[in-house]
Amino acid sequence: MKQYVEQVVRTVEARDPGQAEFLQAVKEVLYTLIPALEAHPEFRDNGILERLVEPERQIMFRVPWEDDQGRVHVNRGYRIEFNSAIGPYKGGLRFHPSVTPSILRFLGFEQVFKNALTTLPMGGGKGGADFDPKGKSDREVMRFCQSFMTELFRHIGPDTDVPAGDIGVGGREIGYMFGQYKRLTNEFTGVLTGKGLGWGGSLIRPEATGYGSVFFAEEMLKTRGESFAGKTCAVSGSGNVAQYTVEKLHQLGAKVVSLSDSNGTVYDKDGFDEEKLDFVKELKNRRRGRIKEYADKYGAEYHGDLRPWDIPCDCAFPSATQNEITAADAETLIKNGCRLVCEGANMPSTPEAIDLFLANKVLYAPGKASNAGGVATSGLEMSQNSMRLSWGRDEVEDRLHQIMIKIHQTCADTAEEYGQPGNYMMGANISGFIRVAKAMLDQGLV
Ligand SMILES: NC(=O)C1=CN([C@@H]2O[C@H](COP(=O)(O)OP(=O)(O)OC[C@H]3O[C@@H](n4cnc5c(N)ncnc54)[C@H](OP(=O)(O)O)[C@@H]3O)[C@@H](O)[C@H]2O)C=CC1
Ligand SMILES: O=C(O)CCC(=O)C(=O)O
């Protein structure tokens, strides 16, 4: 079976040369599936892997827009509709200058398994543009979003493909895109998630990825008879996922000592409390400033060259971007006594870092399991939109919590069943894969 997997990996390498992130994600998943493929030879016989690594559809388009000075700019927009075996394509949109087909294909590929783990009926997709919202006025962002949606609208729909936010796409951008979709189609539908609460959004969706990640980590700690009370945690990023990771960790009695952005890291030895976190939310979500301002206001340390992983911690929550924990970072974390790494971001640990975590018995949660709370709550937003009603805050948070407990249990049980207890990466990959593969088999050669 290893040879079969190697052959599929070689096909991807040959077909998509230079797509390093996509290849990294494919290898990480495929090699852990070998025991499941041995138990289910029908998957190989029906070319499931060959079909899984090829997106069902990829859309690439021009996004022209005008800045406040009347100058014309052209960005490139994408939507990768990866797999619809278990539901409409579902996954976020990323606006960041680093966006390439490789990045979006790795994200779309991961999303397929993540969405399967939620047990909700959602296929996987991802999209975005190489547009940089930083430093742009609200009007410029609005014109960009309207232009982006002017092409994207014909490819999406509440039963076809339901995008949401990701890096650089939050409530503001979803609002502008939703407005343009409505204008073009004359329909008010749940075509996007992460909508504003006053117009179809779900309570707890903004909090969901961060809260969900902490709920997953809490379950991992319980397997060792531990809780967050008194634990020191390092968090990277300072956007949506990071903010609500800090909020839930603080509620559960942990001390969070770091946040970061692409310019540097803040180290607050006293920890972030509610008031400090409110400042971060205002700074990042409204004023769209740099995290350094936090250090200036609260007298915390700020270092352009320090990484959150250099700070001694019990638990680490990478919540910024892919490949932000290298092998050297993993070594530092382990040396400093870190016993849990829970990925809020997608693929933040390099393969070498993951190997080190597993070899050193660090509790390691792969993003596709631990950050699935965001898309799961998007699924709950879709349900509420279909039913034309809104659930209360406690109801949505409780559903999210239950989903995360279940994902944890599924990953743990599957890892044990396939002979590697405690290997959540293997458990997540196999259980997500089996759900998708079975649906693909049922639906014939499509
Ligand atoms: N939002 C969601 O619901 C979900 C998000 N995720 C994943 O979580 C991660 C964070 O997303 P989210 O919080 O929504 O995004 P945001 O745009 O809200 O925040 C991203 C944060 O990460 C930092 N960052 C981004 N790119 C880099 C980089 N190349 N190097 C260093 N720092 C960087 C940003 O800093 P700066 O401002 O300087 O760019 C910012 O602090 C991503 O990996 C995303 O795919 C996963 C599941 C769901
Ligand atoms: O809420 C969603 O649809 C997608 C969230 C997302 O982009 C992710 O899980 O990486």
Side-chain angles (χ1 to χ4, degrees), residues 21 87-99 103-104 106-115 117-118 120 122-128 132-135 156 161-174 190-195 201-202 204-213 235-246 259-266 280-281 283-285 288-292 294 304 307-308 317-325 343-349 366-382:
E21 296 84 3
Y89 309 105
K90 180 86 195 87
L93 296 170
R94 177 175 291 193
F95 291 168
H96 195 272
S98 65
V99 161
I103 298 275
L104 295 180
F106 112 65
L107 289 163
F109 184 71
E110 290 280 291
Q111 199 80 44
V112 174
F113 306 100
K114 181 192 309 192
N115 294 3
L117 282 170
T118 68
L120 300 173
M122 298 182 291
K126 201 86 186 190
D132 188 358
K134 271 199 211 89
I156 62 176
D161 183 353
V162 183
D166 188 75
I167 291 178
V169 178
R172 174 182 63 170
E173 291 75 15
I174 294 290
V191 66
L192 294 165
T193 59
K195 299 187 288 300
S202 174
I204 301 292
R205 177 61 189 90
E207 293 88 342
T209 309
Y211 279 20
S213 158
V235 176
S236 66
S238 47
N240 172 269
V241 179
Q243 290 167 18
Y244 290 103
T245 298
V246 175
L259 279 176
S260 65
D261 63 20
S262 50
N263 293 100
T265 297
V266 162
V280 172
K281 287 180 187 169
L283 171 69
K284 285 289 172 184
N285 307 346
R288 300 179 194 278
R290 311 310 300 156
I291 197 66
K292 182 176 183 306
Y294 174 92
R307 300 169 52 66
F317 289 82
S319 306
T321 194
Q322 63 277 351
N323 291 328
E324 56 169 312
I325 300 189
E343 297 185 339
N346 285 305
M347 208 169 76
S349 309
K368 67 170 73 63
S370 46
N371 72 35
V375 75
T377 307
S378 278
L380 300 179
E381 182 171 326
M382 290 166 74

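Nothing fancy with the numbering, it's 1 onward along the sequence. As the structure lists them, so they are numbered: ligands from 1, and atoms in each ligand from 1.
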Within 4.0 Å of some non-hydrogen atom of Gly91, the atoms of ligand 2 are 3 (O), 4 (C)

With heavy atoms and a 4.0 Å threshold, my read on which part of Ala208 contacts ligand 1 is neither

Would you call Arg94 a ligand 1 contact, heavy-atom distance under 4.0 Å? yes

Would Arg290 and Ser262 count as a side-chain contact (heavy atoms from CB on, under 4.5 Å) if you check the C-alpha gap in whole Å, the side-chain angles of each, and the deciding distance to 0.1 Å? CA-CA 9 Å; Arg290 311 310 300 156; Ser262 50; 3.4 Å; yes

Looking only at protein heavy atoms, identify the closest one to atom 3 (O) of ligand 2 and say how far it is in Å. Lys90 NZ, 2.6 Å

Do ligand 1 and Gly165 have nitrogen or oxygen atoms that lie under 3.5 Å from each other? no

Using 0.5 Å steps for rounding, measure from the CZ atom of Phe106 to the CE atom of Met347. 4.0 Å

Taking only non-hydrogen atoms of His96 and a 4.0 Å limit, the atoms of ligand 1 in range are 26 (N)

Determine, using heavy atoms of Arg205 and all atoms of ligand 1, whether some pair is separated by less than 4.0 Å. yes

Asn346 pairs by side-chain hydrogen bond (donor to acceptor under 3.5 Å, both in side chains) with which of Glu110, Lys114, Gln111? Lys114

Could you see which bit of Leu107 sits under 4.0 Å from ligand 2, with heavy atoms only: side chain, backbone, both or neither? neither

Can you measure from CD (Glu381) to NZ (Lys195) and round to the nearest 0.5 angstrom? 4.0 Å

Tell me, with the steps shown, if Gln243 and Asn285 meet side-chain contact (heavy atoms from CB on, under 4.5 Å). CA-CA 10 Å; Gln243 290 167 18; Asn285 307 346; 2.9 Å; yes

For atom 4 (C) of ligand 1, state whether the nearest protein heavy atom is under 4.0 Å away. yes

Output, in order, the C-alpha distance, side-chain angles, deciding distance and verdict of side-chain contact (heavy atoms from CB on, under 4.5 Å) for Asp166 and Val169. CA-CA 5 Å; Asp166 188 75; Val169 178; 5.5 Å; no

Going by the order shown, which atoms of ligand 2 are within less than 4.0 Å of some heavy atom of Gly92? 4 (C), 6 (C), 7 (O)

Quick check for you: to the nearest 0.5 Å, what is the distance between Met122 atom CE and Leu117 atom CG? 10.0 Å

Is there at least one pair of N or O atoms, one from Ser238 and one from ligand 1, spaced under 3.5 Å apart? yes

Give yes or no for whether the N/O distance cutoff of 3.5 Å, strictly under, is met between Gly168 and ligand 1. yes

Check each atom of ligand 2 against the heavy atoms of Gly165 and keep those under 4.0 Å away; list them by number with element. 7 (O)

Does any donor atom in the side chain of Arg205 or Ser378 lie under 3.5 Å from an acceptor atom in the other side chain? yes

So OH of Tyr211 and CD1 of Ile204: to nearest 0.5 Å the spacing works out to 5.5 Å

Nearest non-hydrogen protein atom, atom 28 (C) of ligand 1: Thr321 CG2, 3.5 Å

Among non-hydrogen protein atoms, atom 39 (O) of ligand 1 lies closest to Lys134 NZ, 2.9 Å

Can you report which non-hydrogen protein atom sits closest to atom 12 (P) of ligand 1, along with the distance? Val241 CG2, 3.8 Å

Using a 4.0 Å cut-off to any heavy atom of Gly344, which atoms of ligand 1 qualify? 6 (N), 7 (C), 8 (O), 46 (C)

Got an N/O contact under 3.5 Å between Asp166 and ligand 1? yes

Measure the distances from the heavy atoms of Glu324 to every atom of ligand 1 and state whether one is below 4.0 angstrom. no

Looking only at protein heavy atoms, what sits closest to atom 19 (O) of ligand 1 is Gly239 CA, 3.3 Å

Met347 touching ligand 1 at heavy-atom level, < 4.0 angstrom: no

For side-chain contact (heavy atoms from CB on, under 4.5 Å), just list the numbers for Asn371 and Val241, CA-CA rounded to whole Å, side-chain angles, deciding distance to a tenth of an Å, and then say yes or no. CA-CA 9 Å; Asn371 72 35; Val241 179; 5.8 Å; no

Between Thr209 and ligand 1, which residue portion shows a heavy-atom distance shorter than 4.0 Å: side chain, backbone, both, or neither? side chain

Is Arg290 touching ligand 1 with its side chain, its backbone, both, or neither, if touching means heavy atoms under 4.0 Å apart? side chain

Taking distance alone, with no angle check, do Asn263 and ligand 1 share an N/O pair under 3.5 Å? no

What is the nearest protein non-hydrogen atom to atom 43 (O) of ligand 1, stated with its residue, atom name and distance? Asn346 N, 3.2 Å

Donor-acceptor under 3.5 Å (Ser319 side chain, Ala345 main chain): no

Using a strict 4.0 Å cut-off to heavy atoms of Ala164, name the atoms of ligand 2 that fall inside it. 1 (O), 2 (C), 3 (O)

Proximal ligand 2 atoms for Arg205, defined as those under 4.0 Å from one of its heavy atoms: 1 (O), 2 (C), 5 (C)

When you measure from the side chain of Ser238 to the backbone of Ser260, do you find a donor-acceptor pair of N or O atoms at a distance under 3.5 Å? yes

For Ala320, atoms of ligand 1 separated by under 4.0 Å from a heavy atom: 9 (C), 10 (C), 22 (O), 23 (C), 42 (C), 43 (O)

Any atom of ligand 1 sitting under 4.0 Å from a heavy atom of Ser260? yes

Output yes when a side-chain donor or acceptor of Thr377 lies under 3.5 Å from a complementary backbone atom of Gly373, and no otherwise. yes

Atom pair CG (Asn115) and NZ (Lys368), whose distance is rounded to the nearest 0.5 Å: 12.0 Å

The reported gap from CD in Glu324 to CD in Glu343 (rounded to nearest 0.5 angstrom) is 8.5 Å

Would you mind checking which non-hydrogen protein atom is closest to atom 18 (O) of ligand 1, with the distance to 0.1 Å? Asn240 N, 2.9 Å

Residue pair Lys284 / Ile291, side-chain heavy-atom distance below 4.5 Å: yes

Nearest to atom 1 (O) of ligand 2, what protein heavy atom do you find, and at what distance? Ser378 OG, 2.5 Å

One finds that the ligand 1 atoms under 4.0 Å from a non-hydrogen atom of Gly237 are 41 (O)

Atom 20 (C) of ligand 1: closest protein heavy atom, distance to 0.1 Å, is Ile167 CG1, 4.3 Å

Ser319: heavy atom below 4.0 Å from ligand 1, yes or no? yes

Would Ser262 count as a polar contact of ligand 1, with the cut-off being nitrogen or oxygen pairs under 3.5 Å? yes

Just which atoms of ligand 1 are under 4.0 Å from any heavy atom in Ala345? 7 (C), 8 (O), 9 (C), 43 (O)

Just so I know, are the side chains of Val162 and Met382 near enough to count as touching, which here means a heavy-atom distance under 4.5 Å? yes

Measure the shortest side-chain to side-chain distance between Lys90 and Thr193 over non-hydrogen atoms and say whether it is less than 4.5 angstrom. yes

Considering only heavy atoms of Lys126, which atoms of ligand 2 have at least one such atom less than 4.0 Å away? 6 (C), 7 (O), 8 (C), 10 (O)

Minimum-distance pair of heavy atoms, taken over all atoms of Ser98 and Ile103: O-CG1, 3.7 Å

Quick one: does ligand 2 sit under 4.0 Å from the side chain of Lys114, the backbone, both or neither, non-hydrogen atoms only? side chain

